[in-house]
2 protein chains.
Amino acid sequence: MVSIKDVAKLAGVSVATVSRTLSKPEAVAESTREQVMAAVAESGYVANALARNFRRRRSHTVVVLMPDIGNPFYALVVQGIEQAAVQSGYQVLLGDTQNETQREQAYTELVRQRTADGLICLGPHIPFDIDENVTAPPADWPPLVMACEYHGRVKLPRIVIDNELAAREMTEHLISQGHSKIAFINGPEDSPLCQARFDGYLQALLDAGKTFDRALLMHGDFTMETGYELTKQLLQREQLPTAIFCANDEMAIGSLHAVRDQNLSVPDDIAIAGFDDINIAKFSYPPLTTVHQPRREIGAKAMQLLLQLLDGKGSAETIVLPHDLIIRKSTQ
Amino acid sequence: MVSIKDVAKLAGVSVATVSRTLSKPEAVAESTREQVMAAVAESGYVANALARNFRRRRSHTVVVLMPDIGNPFYALVVQGIEQAAVQSGYQVLLGDTQNETQREQAYTELVRQRTADGLICLGPHIPFDIDENVTAPPADWPPLVMACEYHGRVKLPRIVIDNELAAREMTEHLISQGHSKIAFINGPEDSPLCQARFDGYLQALLDAGKTFDRALLMHGDFTMETGYELTKQLLQREQLPTAIFCANDEMAIGSLHAVRDQNLSVPDDIAIAGFDDINIAKFSYPPLTTVHQPRREIGAKAMQLLLQLLDGKGSAETIVLPHDLIIRKSTQ
DNA sequence: CTGTTAGCGCGTTCAC
DNA sequence: GTGAACGCGCTAACAG
């Protein structure tokens with residue numbers, strides 16, 4: 001492998017000059033610069049990033065903790081992260097945690113080992129033991145940004161949409177369509193994001209003078225399978241809901257499926273709404289009413305925030321990005 | 001940051017002994033080992049992977065080149081890769097190329113820079129200039145394994161299913177359902193994988209004594225959008241096909257959508273089949289007949305092959321994994 | 001503007 | 001079984 005020494009010898013300069021020419025060319029005389037570049041070209045030299053990172057004490061790599069790589073919602077978020085990373089000379093290490101604490105910790109360990117400089121956490125869970133009263137990230141935590149989900153108490157930099165508002169708007173939309181028995185299939189109970197969505201749902205009901213029926217609230221795990229199963233349960237009740245609001249599109253698609261299995265029609269018998277606006281939402285049958293999240297932007301902003309953090313100019317910012325109600329045929 | 005020196009001092013031994021204790025404990029006396037481990041625990045020492053990789057000239061990282069991170073087909077393949085990688089102490093760097101040569105090359109560059117040790121290529125395109133007559137990978141190519149797709153001429157290690165057989169079986173299934181006007185919405189024309197699927201389709205038609213109608217062959221780009229558009233075109237013909245076989249599930253879902261838009265019924269008016277068996281296939285309306293690919297296994301095997309290559313015991317193996325015909329309601 | 005020098009943290013000789 | 005010494009390839013500090 002050709003190293004910086006070889007180039008120096010070939011160009012007739014010192015290794016320091018080669019290094020300088022490559023990192024800040026303007027600090028080098030034009031004539032020597034040309035010699036060096038010629039030597040680089042001739043030798044086919046490529047700087048060894050392993051050595052450079054070692055020396056600079058920066059891996060220029062970030063880990064993205066994804067709860068489930070199979071969940072299509074995350075794809076565009078990761079794409080946003082990745083684009084922003086590449087633009088800044090960073091790489092993205094993929095961390096599929098399957099919601100397992102052990103795997104989260106293994107990936108977090110990469111930061112302690114200096115394999116990665118920081119973390120972007122897409123799920124609700126943070127891989128640290130958190131003391132009861134902690135509200136700010138302790139000094140021994142690595143640079144960490146949350147995207148989409150967030151922690152209820154610890155104030156970390158985060159990129160979100162206004163989940164409560166979005167859920168309220170969707171519920172209002174359903175109410176405006178004449179629904180009053182609106183079931184809500186939410187995600188995991190312990191997720192602050194899901195709590196916010198529930199709050200929005202509840203608020204809309206109360207604002208409209210409706211009562212909240214505990215029996216219409218269910219909790220899934222964001223998969224099509226649970227959307228299907230929970231909807232089946234709902235449809236075995238004596239009193240059927242007239243609308244089902246699911247906290248993500250995948251559960252909504254499972255829900256659609258369950259409703260059709262009972263030979264009921266969407267939206268005539270039961271309206272169904274989702275959340276996220278993943279690609280498939282437009283192509284479901286019928287097309288799914290949902291909340292659009294700017295996923296790529298969420299990812300890009302998260303990466304930018306992390307870069308700030310790594311540059312030492314970090315703060316526990318919360319960035320709220322705009323969402324959008326997308327009304328399609330599943331509710332009207 | 002606590003380094004190996006600090007541990008050595010604390011344990012009262014040399015850095016060499018600490019290094020040995022951590023890499024091959026059996027080569028060290030039990031008493032010193034205990035001292036060292038105690039010092040490690042006390043100091044909270046974590047070996048600096050940057051330094052270690054530099055020294056060992058291995059990044060223990062591989063790049064996965066994905067044509068499109070938003071394509072759900074790849075998610076499970078990547079999961080398979082990632083699991084196998086983690087098991088062997090490797091990390092996965094995500095390379096979303098968006099089918100752009102420039103981005104492919106940028107990621108390939110990471111290997112030359114020693115940021116990564118090798119590549120797994122999920123798309124049909126290899127980021128190298130390939131001479132006309134080359135059939136084996138030139139020596140200056142980095143360790144490279146192909147998964148799912150493959151190159152038509154250059155013999156690279158690859159993990160595939162028998163695409164021709166699978167397409168033939170699917171076409172035979174459609175024929176057995178009484179169809180004779182079977183449209184085929186294939187992927188990009190220049191993909192060897194797609195050519196194989198076409199061959200299978202053609203063979204099944206000919207074996208059954210049917211003729212191949214050029215007008216029933218179309219080429220999309222594997223997105224729901226093109227599945228939708230191409231099907232719309234098909235449905236504007238005078239002679240409608242009675243079945244549409246799409247080369248992946250996403251196009252099939254777009255196709256379903258287009259057929260419904262014309263108030264035609266699936267499968268009564270037109271049967272539709274896909275390929276891949278992505279998660280959503282089971283939850284489409286109607287559920288989609290498709291070819292199941294063992295995606296996680298494909299990924300895992302690809303990673304294993306790459307590790308072999310990196311250990312110098314590589315060969316241009318082709319591994320064919322079993323597929324499975326999944327008959328659902330969209331064709332019967 | 002350029003060269004010399006001195007490490008970064010670790011793994012690996014080679015003596016002892 | 002252990003320690004001293006060296007060097008991986010590069011960047012940064014300093015002197016000139």
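If you're wondering where the values come from, they're calculated on a predicted model, not measured in any experiment. In the text below, chain A, chain B and the rest are named by the order of the sequence lines, each starting its count at 1.
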* Partners of A/Asp96 by side-chain hydrogen bond (donor to acceptor under 3.5 Å, both in side chains), sequence neighbours excluded? -> A/Gln98, B/Gln79
Counterpart residues, side chain to side chain contact (heavy atoms under 4.5 Å, CB included), relative to [X] (two or more places apart):
| X | value |
| --- | --- |
| B/Asn71 | B/Asp68, B/Phe73, B/Tyr74, B/Glu250 |
| B/Asn99 | B/Pro67 |
| B/Gln87 | none |

* Asked: Where is the tightest heavy-atom contact between B/Ile298 and B/Ile161, given as atom of each residue plus distance?
  -> CD1-CG2, 4.3 Å
Can you pull the side chain to side chain donor-acceptor pair (under 3.5 Å) pairs that have at least one residue in [range], sequence neighbours excluded?
| range | value |
| --- | --- |
| residues 49-61 of chain A | A/Arg58-A/Tyr90, A/Ser59-A/Asp117, A/Thr61-A/Gln91 |
| residues 29-43 of chain B | none |
| residues 120-132 of chain A | A/Glu104-A/His125 |

Pairs under 3.5 angstrom, nitrogen or oxygen only, protein versus nucleotides 8-12 of chain D, please.
| residue | atom | partner | partner atom | Å |
| --- | --- | --- | --- | --- |
| D/dC8 | O3' | B/Arg57 | NH2 | 3.0 |
| D/dC10 | OP1 | A/Tyr45 | OH | 2.5 |
| D/dC10 | OP1 | A/Asn48 | N | 3.1 |
| D/dC10 | OP2 | A/Ile4 | N | 2.5 |
| D/dT11 | OP1 | A/Arg52 | NE | 2.6 |
| D/dT11 | OP1 | A/Arg52 | NH2 | 3.1 |
| D/dT11 | OP2 | A/Ser19 | OG | 2.7 |
| D/dT11 | O2 | A/Arg55 | NH1 | 2.3 |

* Asked: In chain order, what residues pass the salt bridge (charged side-chain N to carboxylate O under 4.0 Å, His left out) check against B/Glu109, with sequence neighbours excluded?
  -> B/Arg112
* **Start and end of chain A contact along DNA chain C [non-hydrogen atoms, under 4.0 Å]** => C/dC1 to C/dG9
Check: residues 137-146 of chain A side-chain donor-acceptor pairs under 3.5 Å, at least two apart:
none

* Specify the angle, to 10°, made by the local axes at the two ends of the helix from C/dC1-D/dG16 to C/dC16-D/dG1 when five pairs are taken at each end. => 40°
